[in-house]
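Written below as structure tokens is the structure these notes are about.
Note that this is a predicted model, so its numbers are computed, not measured. Worth knowing before you read on, the calculation uses all heavy atoms, side chains too, and leaves out hydrogens, waters and symmetry mates.
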Amino acid sequence: MVEKDLKNIFRDFESKASLFTDKGVLQSAFIPENVLHRDSELQQVAGILGTCLRGERPSNLFIYGKTGTGKTVTTKILINQLTRVAQKSGRKIQLLYLNCKLKKIADTEYRLIAQLGRELGKEIPITGLPTDEVYKQFYASVDAEPQTLILVLDEIDQLIKKTGDGVLYNLTRMNEELTRARVSIVGISNDLTFTNNLDPRAKSSLSEEEVVFPPYNAIQLQDILRDRASLAFKSGVLGEGVIEKCAAYAAREHGDARRALELLRVAAEIAERNNELLVMTSHIDLAEKKMEDQGVMDLVKTQPRQFQVSLYSILLLSSKKKDGVFTGEVYELYKQLCEKIHLPPLTQRRVSDIIAELDMMGIVNAKVLSKGRYGRTREIHLSIPLSTSEKVKHALSEYLCI
DNA sequence: CGAGATTCATGTGAAGTATACCTTTAGGCTTAA
DNA sequence: AAGCCTAAAGGTATACTTCACATGAATCTCGTA
């Protein structure tokens with residue numbers, strides 16, 4: 001019986017008709033031929049970056065826009081186009097794209113430069129080298145041949161917030177060191193106010209040009225979804241109102257197209273798994289739920305144990321207390337938990353920083369609050385839905401063996 | 001009653017420490033002439 | 001003598017600790033009406 005089941009376990013996959021023709025079209029790595037509803041932004045960016053075809057260094061560019069407003073896609077499409085045109089004229093243009101938010105990859109000055117160097121094919125160790133040495137190596141590989149390098153730094157505000165603006169200053173000065181190659185920097189941020197507290201020199205050279213990407217509205221999202229869906233799905237598998245509902249959900253959250261596409265994909269995957277031939281609006285509800293949980297869960301899972309224990313104590317406390325928990329309480333519980341699972345506890349100083357980082361990640365919302373005679377503390381609220389936090393709590397308690 | 005001093009619980013900055021990793025260098029061993 | 005390998009020395013980044021000082025409104029204190 002068991003053996004028979006095993007034999008057939010994959011048979012269903014084979015025989016089951018897939019709803020997709022090309023799932024990749026809905027994944028975030030996919031770069032389409034063109035972007036919809038971004039004509040004016042496309043023109044602006046093209047005008048700025050296009051100057052490298054005349055052999056000039058393109059101005060540094062600063063792009064503002066929330067996640068999923070097409071910043072990355074637009075730049076990537078343009079770069080692809082540029083490289084194609086440039087090849088004909090014999091110039092070399094190279095694009096480096098890096099998301100500065102990625103933990104352990106690009107969240108410090110050293111790691112950012114090291115990662116950039118690695119993308120250019122250098123072997124750079126994770127630690128041990130002086131930072132200027134890493135810079136030197138990076139410069140050397142950029143300057144190895146005449147080329148224009150376009151450096152796209154996504155979510156650059158996160159990096160600067162953490163490590164200061166020295167990186168920007170160094171990067172913007174890079175051109176003075178280079179003889180053959182040229183570099184221009186494209187900074188992407190979703191915080192409009194971010195450049196305000198920047199070193200004036202770095203600020204002026206970074207934002208030589210600025211382009212703002214506004215969020216998509218629901219109608220535009222529908223167009224995008226339809227466009228992609230026609231490539232991704234077999235015809236007729238999308239039920240009535242599915243596109244509209246996806247768009248509406250995403251529009252509610254600052255018009256995030258990436259999210260809308262993912263929502264559609266996950267919904268279809270759910271339908272497929274249930275052996276249904278039609279994607280229905282009900283699947284979207286399920287998908288939204290799943291994505292919400294999954295996103296937070298993935299984030300939490302990749303954190304160090306100390307973060308997880310800190311978060312777990314916050315979750316425990318805030319399920320008992322509705323109106324915010326304080327650092328002191330969290331730390332007390334945290335210490336107990338550490339003892340229970342034989343983990344050497346960190347100091348309160350460090351836990352305080354960890355709470356600040358959880359805040360940055362958007363899992364909690366912690367604001368400093370002075371309670372007069374009763375001191376000063378952070379008031380911590382969860383910024384994830386209750387159902388999700390319950391699931392995270394459950395998963396953590398199992399994972400940490402508490 | 002109100003202005004200024006006090007107080008509490010923790011935020012926050014700076015400096016120090018442990019760890020993991022890097023390059024350089026000196027010493028020892030092998031090898032070929 | 002030249003070449004190669006190894007281990008120690010000296011250096012760095014990162015995560016964390018230790019130390020010390022900063023914060024800021026509720027509460028207290030004391031002078032005044």
Side-chain angles (χ1 to χ4, degrees), chain A residues 98-141 153 158-171 197-199 299-314 317-318 321 323-339 341-361 363-381 383 400:
Chain A
L98 206 52
N99 189 327
C100 303
K101 199 178 63 178
L102 298 174
K103 226 177 176 193
K104 298 269 182 189
I105 293 188
D107 59 347
T108 68
E109 179 171 13
Y110 178 93
R111 298 213 259 239
L112 173 74
I113 305 300
Q115 186 59 32
L116 289 175
R118 274 182 219 125
E119 306 252 335
L120 291 175
K122 289 255 175 185
E123 292 271 327
I124 298 177
I126 52 168
T127 175
L129 255 51
T131 308
D132 6 344
E133 180 61 30
V134 181
Y135 267 107
K136 248 186 241 164
Q137 295 216 18
F138 173 54
Y139 286 177
S141 46
L153 303 176
Q158 303 274 335
L159 176 70
I160 304 303
K161 242 180 233 161
K162 236 182 118 173
T163 64
D165 48 18
V167 204
L168 278 186
Y169 185 65
N170 284 332
L171 281 177
N197 23 14
L198 214 57
D199 178 301
L299 189 59
V300 170
K301 259 191 203 148
T302 55
Q303 297 304 319
R305 286 174 76 81
Q306 300 289 4
F307 276 60
Q308 295 174 343
V309 180
S310 312
L311 179 60
Y312 186 64
S313 25
I314 294 173
L317 284 170
S318 56
K321 278 182 61 177
D323 39 348
V325 292
F326 305 126
T327 310
E329 303 170 321
V330 173
Y331 186 65
E332 276 310 308
L333 182 57
Y334 162 83
K335 262 200 306 198
Q336 288 172 27
L337 289 175
C338 278
E339 198 163 322
I341 60 172
H342 309 291
L343 191 71
L346 299 176
T347 51
Q348 179 152 350
R349 177 73 184 80
R350 180 61 187 146
V351 173
S352 173
D353 281 350
I354 288 178
I355 292 174
E357 282 180 57
L358 288 173
D359 186 23
M360 289 269 278
M361 288 188 279
I363 298 179
V364 303
N365 185 295
K367 75 168 187 252
V368 222
L369 179 76
S370 184
K371 297 199 299 149
R373 187 75 213 291
Y374 306 104
R376 186 172 129 94
T377 183
R378 276 202 182 90
E379 195 182 64
I380 305 163
H381 290 278
S383 44
L400 297 167

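- Each of dC16(C), dT14(C), dT12(B) was ranked by its minimum atom distance to the side chain of Y110(A); first place goes to dT14(C).
- Nearest nucleotide to the L129(A) side chain, out of dA13(C), dC22(B), dT18(C): dC22(B).
- Counting only heavy atoms from C-beta on, K104(A) has its side chain closest to dA15(C) among dG11(B), dG13(B), dA15(C).
- Contact annotation: T131(A) side-chain N/O to dA13(C) OP1/OP2 distance is under 4.0 Å.
- Nearest to the side-chain atoms of S370(A) among the listed nucleotides dG11(B), dA25(C), dA20(B) stands dA25(C).
- Between the CG atom of D353(A) and the P atom of dT14(C) there is a distance of 16 Å, rounded to whole Å.
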Take Q308(A) and R305(A), measure what side-chain hydrogen bond (donor to acceptor under 3.5 Å, both in side chains) needs, and give me the verdict at the end. CA-CA 5 Å; Q308(A) 295 174 343; R305(A) 286 174 76 81; 5.1 Å; no
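- The residue among I126(A) and I354(A) whose nearest nucleotide of DNA chain C lies closer to the 5′ end is I126(A).
- In this structure the side chain of V300(A) reaches within 4.5 angstrom of the side chain of L311(A), judged on heavy atoms.
- Across the protein-nucleic acid pair, L369(A) atom CG and dA25(C) atom P stand 10 Å apart, rounded to whole Å.
- Ion pairing between a basic and an acidic side chain is recognised when a charged N comes within 4.0 Å of a carboxylate O; K136(A) and D132(A) show no such pairing.
- If you measure from atom CD of E357(A) to atom P of dT12(B), you get 13 Å, rounded to the nearest angstrom.
- In this model, a side-chain donor or acceptor of R376(A) finds a partner on the base of dT23(C) within 3.5 Å.
- S318(A) is not listed as a side-chain neighbour of I380(A), based on a closest heavy-atom distance of 4.5 Å or more.
- Phosphate contact (OP1/OP2 of dA13(C), side-chain N/O of T108(A), threshold under 4.0 Å): absent.
- Residue contacts for K367(A): at a heavy-atom cut-off of 4.0 Å it reaches no nucleic acid atom on any strand shown.
- Here the C1' atom of nucleotide dC21(B) and the CD atom of E123(A) are 15 Å apart, to the nearest Å.
- Dense packing is recorded around NZ of K103(A), with more than 12 heavy atoms of other residues, nucleotides or ligands lying under 6.0 Å away.
- Separating the OH atom in Y135(A) from the CG atom in N170(A) is a distance of 4.0 Å, to the nearest 0.5 Å.
- Checked against side-chain contact (heavy atoms from CB on, under 4.5 Å), K335(A) has the following partners two or more places apart in sequence or in another chain: Y331(A), E332(A), P345(A).
- Within the 4.0 angstrom heavy-atom criterion, only backbone atoms of the sugar-phosphate kind lie near P345(A); the bases stay farther away.
- In terms of polar N and O atoms assigned as donor or acceptor, the side chain of R373(A) never comes within less than 3.5 Å of the base of dG24(C) in a complementary pairing.
- Between Q348(A) atom CD and dT17(C) atom P the separation is 12 Å, expressed in whole Å.
- When the side-chain nitrogen and oxygen atoms of S352(A) are compared with OP1 and OP2 of dG11(B), one or more of them lie within a distance under 4.0 Å.
- Remark: P of dT14(C) and CD of Q115(A) are 13 Å apart, rounded to the nearest angstrom.
- For the residue pair Q348(A) and Y334(A), no side-chain donor N or O sits within less than 3.5 Å of a side-chain acceptor on the partner.
- Contact annotation: R350(A) does not reach the phosphate of dG11(B) (side-chain N/O to OP1 or OP2, under 4.0 Å).
- Of the residues listed (V167(A), V134(A), I126(A)), the one engaging Y110(A) in a side-chain contact (heavy atoms from CB on, under 4.5 Å) is V134(A), and it is the only one.
- Each of G128(A) and I355(A) was matched to the nucleotide of DNA chain B holding its nearest heavy atom; the match closer to the 5' end belongs to I355(A).
- The phosphate of dT27(C) has OP1 or OP2 within less than 4.0 Å of a side-chain N or O from Y374(A).
- The side chain of R378(A) sits closest to dT12(B) out of dC16(C), dT10(B), dT12(B).
- Between the P atom of dT12(C) and the CD1 atom of I113(A) lies a distance of 18 Å, rounded to the nearest Å.
- Across the helix from dC1(B)-dG31(C) to dT31(B)-dA1(C), the helix axis at one end is tilted relative to the axis at the other end by 30° (nearest 10 degrees, each axis from five pairs).
- Between the C1' atom of dG11(B) and the OH atom of Y331(A) lies a distance of 15 Å, rounded to the nearest Å.
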